[in-house]
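For reference, the structure discussed in these notes is given below.
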Amino acid sequence: MTGVAGMPGVGSGNGLLEVRIAAPATDAPRIASVLVEERLAACTQVLPGVTSTFRWDGAVTTAEEQLVLAKTHRSRFDAILERVGEIHPYETPEIIAVPIVEASAAYAAWLVAEIGAG
């Protein structure tokens, strides 16, 4: 398997995750910072301009949010659920994880080293 420009890659059994968290613009940057500061994620990105439509309390609701993308390892997922639950303003925040199916070996090693997982 190869990653970027012929570099060896790391495949789907690597345990790496991208955790996606939708949050109000006032809270997303703090969530992103806390996850990195507490080594629950190696890095985060905050994507602005997300419009979410969902049903809540029996009504269809639309909210302007930001999306936090956190790169981590599955061994940190439960801790992320707990920590985000403590600081997120929503009663039921969106916190979902998708596997990172492929990554360069160098990036995967850096990610795992940053959060002390593996």
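If you're wondering where the values come from, they're calculated on a predicted model, not measured in any experiment.
Considering every non-hydrogen atom in both I115 and A42, the closest pair reads CG2-N, 3.4 Å. The heavy-atom pair separating N14 from I100 by the smallest distance is ND2-O, 3.2 Å. Between Y90 and A23 the shortest heavy-atom distance is OH-C, 4.5 Å. In this structure, A28 and V46 approach most closely via the heavy-atom pair CB-CG1, 4.0 Å. Nearest heavy-atom pair across A108 and A103 is CB-CB, 4.5 Å.
Under the 4.5 Å side-chain criterion, counting only non-hydrogen atoms from C-beta, P29 is in contact with Q66. The side-chain heavy atoms of W110 and S104, taken from C-beta on, include no pair separated by under 4.5 Å. Two residues are said to be in side-chain contact when any heavy atoms from C-beta on lie closer than 4.5 Å; W56 and E91 meet this criterion. Residues R20 and L67 form a side-chain contact, since some pair of their non-hydrogen atoms from C-beta on lies under 4.5 Å apart. Residues L17 and H73 are not in side-chain contact: their nearest non-hydrogen atoms beyond the backbone lie 4.5 Å or more apart.
For the pair T72 (side chain) and L40 (backbone), a donor-acceptor distance under 3.5 Å is present. Between the side chain of R39 and the main chain of G116, no donor-acceptor pair closer than 3.5 Å is present. No donor-acceptor distance shorter than 3.5 angstrom exists from the side chain of H88 to the backbone of D27, with no hydrogens or angles considered.
Rounding to the nearest 0.5 angstrom, the gap separating the CD1 atom in I21 from the CD1 atom in I87 is 8.0 Å. The CD atom of E86 sits 11.0 Å away from the CG atom of L81 when rounded to the nearest 0.5 Å. L35 CG to R76 CZ: the interatomic distance, rounded to the nearest 0.5 Å, is 12.0 Å. Of the inter-residue distances, the one linking R83 atom CZ with I95 atom CD1 reads 12.0 Å to the nearest 0.5 angstrom. The line from CD of E114 to NZ of K71 is 14.0 Å long, rounded to the nearest 0.5 Å.
Residue V36 is not grouped with residue L69 when hydrophobic side chains (ILVMFWY) are merged at heavy-atom distances under 4.5 angstrom, including chains of intermediate members. Hydrophobic clustering of Ile, Leu, Val, Met, Phe, Trp and Tyr side chains at less than 4.5 Å, counting indirect connections, unites V19 with I31.
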